[in-house]
Colleague: 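Encoded as structure tokens, here's the structure I'll be asking about.
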Number of protein chains: 2
Amino acid sequence: MPDIEFETVSQRIRALFESLTRAERQLANRMLENYPVSSMGSITTVAEEAGVSAPTVARMARKLGFSGFPDLQAALRRELEAAISDPITKHDHWASDADTTHILYRFTESVLDNLRNSLKQIDIEAFDRTVSLLSDRRHALHIVGGRITRSLADYFFTHMQVIRPDVTLVASNSNSWPHYLLNMQEGDVLVVFDIRRYEHNIVRLAEVAQSRGVSVVLITDQWGSPASKHSTVTFNLRIEVPSAWDSSVVPMTLVESLIAAVQADCWEETKARMKTLEDLFDHTKLFRKFL
Amino acid sequence: MPDIEFETVSQRIRALFESLTRAERQLANRMLENYPVSSMGSITTVAEEAGVSAPTVARMARKLGFSGFPDLQAALRRELEAAISDPITKHDHWASDADTTHILYRFTESVLDNLRNSLKQIDIEAFDRTVSLLSDRRHALHIVGGRITRSLADYFFTHMQVIRPDVTLVASNSNSWPHYLLNMQEGDVLVVFDIRRYEHNIVRLAEVAQSRGVSVVLITDQWGSPASKHSTVTFNLRIEVPSAWDSSVVPMTLVESLIAAVQADCWEETKARMKTLEDLFDHTKLFRKFL
DNA sequence: ACAATTCCGAAAATATAATTTCAAACACGC
DNA sequence: GCGTGTTTGAAATTATATTTTCGGAATTGT
């Protein structure tokens, strides 16, 4: 039986997380996922599902302050019973307590909404077409973002650079754009990020690029950047959140999905490139491996 | 395993109720009361709580079509898992049925899962504490990221820079870190992004910073960067997705939530700063307004 | 009321779960 | 790199849970 009665097991796991070892953290993560049902089976089952050994589970139970695994389970059952019989069960579950008004909760709800609404509107055709454009190593890829979207462009660039050769990040300072345009060939691809407070220069860049035979992929918001007049494919994403700024979460999700899809398309080459990259890192000792 | 797959245990109990004997009915009633948690303990406990003997419970499990009591329990766990996760998951069929195997769908589902699982684990206290740290204009704020998280750090920096003065983005090239450390005062705040393939240098940076009296806020993954030993607050976020890389969507959501919260805290000052920023943009015509 | 039948739980037998032990693997400081 | 302390799971051990057996109690039909 635990010393401190009013804590839930999940709270305790989170409190002790830092002091847990690798295998224990792996278990902790599994336990918190689908909590608490994922810990309701036998110690063997729980261990297997978390990918650790039974003794690890037993040790964990002790660390959490229980006399053993069965004791922990009993606590979980009591919690579950309380939670289920509680009329306020409707409570969207992941909001542990009465905090539905907390900014973190409202913000996340809003992001979840945006994700669902944006993604269901995306034309799979358009997505696949974009993936082919990005996978085509015969043509160079250029990426550009604006004041805020610069980071997204940078993120996209960092990954694409590993996946394939001939990837350029266009500096966000528009003075040097003519130089970049000079290097864009017919058939090249330009990925443009432009969300509201649309930037005039970016629109012009897209226009010029397209006029020179470059395929323009535009990632913009639900209202649409004027650059869409000059784009081959356009993605309109939801970006509104309870904040003074817009959210880049949905655009980032799209970017990562594209990365995942392109990477799958070019897997053989990407694998080789990643291997080389690893070697380079090892060699230059830029960072050490952990875990 | 039951013959008929689509029935719930409770439905089966009710269907067979008439054919049950006295002791069995007593047990059945207890099982349906506080269903299904009341049947989650050991057979002995369940029997005791229902006021019947263990063999009765075992026989009951067979009557209900299971191979034994453990089999029944497994079925209950599956039911419970489905019942608990469904209301949250709301598989909104936002995809046109056929495409549930498409990478875009799978990726987004995975992101949604990560969001729900990460956010429900965040300690609201820790979040609020971080917001106070970030809102405190008496102390400078430093931000640092690694190879991949650099973009995130940059994104965070871009926004915080507008909200408040004294914000520094620490260059990701570790050669210059001593210079940055030199400028960190006791009481300053350092926000560190470090997700897996943890970077040794970053861990050291956190260590040195903390030893010099700097509050370290660490944003890491579910396994936890070693830097957490040197941090004041740690956020463990889920980053696994069906891709060769990890996802930064959840970290970005946290970053944006923090931005929104800090901005609300410092609203008067932020509003003034945003106004000034607008004027500066107008003046230098760095970009033109649309909409 | 009294067999015949079914039901039920104590106790034994069996199966499974939980814990402990311990040696190999690992991370970490020097 | 090299030794030291920690972590970890396989295997052995112990504890517990589950099932089976079986005789007495309850129920039913006549």
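In what follows, chains carry the letters A, B, and so on, assigned in the order in which the sequence lines appear, proteins first and then strands, with residues in each chain numbered from 1.
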Colleague: Side chain of R22(B) only, heavy atoms from C-beta on: which candidate in dC8(C), dA17(D), dT20(D) is closest?
Modeller: dC8(C)

Colleague: With respect to the side chain of P70(B), which nucleotide from dT20(D), dT19(C), dT18(D) is positioned closest?
Modeller: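 Side chain of P70(B) sits closest to dT18(D).
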
Colleague: Expressed as a whole number of angstroms, how long is the span from L20(B):CG to dT6(C):C1'?
Modeller: 15 Å

Colleague: Does the pair E109(B) and R106(B) meet the rule for a salt bridge (charged side-chain N to carboxylate O under 4.0 Å, His left out), with working shown?
Modeller: CA-CA 5 Å; E109(B) 274 302 311; R106(B) 286 187 296 120; over 6 Å; no

Colleague: Check the distance between dG9(D)'s C1' and E24(A)'s CD and give it to me in whole angstrom.
Modeller: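 Value for this atom pair: 13 Å.
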
Colleague: Could you tell me, to 10°, how much the axis swings from one end of the helix from dA1(C)-dT30(D) to dC30(C)-dG1(D) to the other, five pairs per end?
Modeller: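 The end axes of the helix from dA1(C)-dT30(D) to dC30(C)-dG1(D) are about 40° apart, to the nearest 10°.
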
Colleague: Taking only the side-chain heavy atoms of T21(A) (C-beta and beyond), determine which of dT8(D), dT19(D), dT19(C) contains the nearest atom.
Modeller: dT8(D)

Colleague: If you check the P55(A) side chain, which of dC8(C), dT20(C), dT19(D) turns out closest?
Modeller: dT20(C)

Colleague: Okay, side chain of Q73(B), backbone of G41(B): is any donor-acceptor separation there less than 3.5 Å?
Modeller: yes

Colleague: Between dG29(C) atom C1' and R204(B) atom CZ, what is the distance in whole Å?
Modeller: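 From R204(B) CZ to dG29(C) C1': 11 Å.
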
Colleague: If you take all heavy atoms of I103(B) and P242(B), which pair is closest and at what distance?
Modeller: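 I103(B) and P242(B) have their closest heavy atoms at CD1-O, 3.9 Å.
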
Colleague: Round to a whole Å and report the spacing from CG of L27(B) to C1' of dC8(C).
Modeller: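 Atom CG in L27(B) sits about 13 Å away from atom C1' in dC8(C).
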
Colleague: Does the S176(B) side chain pair with the main chain of H179(B), one donor and one acceptor, at a distance under 3.5 Å?
Modeller: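 Not confirmed, S176(B) side chain does not pair with H179(B) backbone.
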
Colleague: Mapping A54(A) and G68(B) to their closest nucleotides on DNA chain D, which lands nearer the 5' end?
Modeller: A54(A)

Colleague: Rounding to an integer number of Å, can you tell me how far F69(B) CZ sits from dT16(D) C1'?
Modeller: 14 Å

Colleague: Salt-bridged, E33(A) to K120(B), with N to O below 4.0 Å?
Modeller: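 Answer for the salt bridge query: no.
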
Colleague: Can you name the closest pair of heavy atoms from M60(B) and E24(B) and give their distance?
Modeller: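 Minimum heavy-atom contact is CE-O, 3.9 Å.
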
Colleague: Looking at dG9(D), I'd like to know if its phosphate oxygens (OP1 or OP2) sit under 4.0 Å from a side-chain N or O belonging to T56(A).
Modeller: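 Answer is yes, contact under 4.0 Å.
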
Colleague: From CG of L72(A) over to C1' of dT19(C), roughly how many Å is that when rounded to an integer?
Modeller: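 Rounding to the nearest Å, CG of L72(A) and C1' of dT19(C) are 15 Å apart.
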
Colleague: Taking the side chain of I43(A) as its heavy atoms from C-beta onward, which of dT19(C), dT8(D), dA17(D) lies nearest to it?
Modeller: dT19(C)

Colleague: If you check every side-chain atom of R62(B), which of dT20(D), dG9(C), dA10(D) has the closest atom?
Modeller: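 Given the options dT20(D), dG9(C), dA10(D), the side chain of R62(B) is closest to dT20(D).
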
Colleague: Can you tell which of dG9(D), dG9(C), dA17(C) lies closest to the side chain of R59(B)?
Modeller: dG9(C)

Colleague: Could you say whether K229(B) or A61(A) is positioned toward the 5' end of DNA chain C, judged by the nucleotide with the nearest heavy atom to each?
Modeller: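 Result: A61(A).
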
Colleague: Could you tell me whether R196(B) and D246(B) have a side-chain N and a carboxylate O separated by less than 4.0 Å?
Modeller: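 So R196(B) pairs with D246(B) through a salt bridge.
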
Colleague: Just wondering, are more than 12 heavy atoms of other shown residues or ligands nearer than 6.0 Å to CZ in R30(A)?
Modeller: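 Yes, enclosed.
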
Colleague: As a test of reading the structure: which of dC8(C), dT18(D), dT8(D) is closest to the side chain of S42(B), going by heavy atoms?
Modeller: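 It is dT18(D).
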
Colleague: Over how many whole Å does the gap from R25(B) atom CZ to dT27(D) atom P extend?
Modeller: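 Going from CZ in R25(B) over to P in dT27(D) covers 13 Å.
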
Colleague: Given atom CD of Q73(B) and atom P of dT16(D), what is their separation to the nearest angstrom?
Modeller: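 The answer, rounded to whole Å, is 17 Å.
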
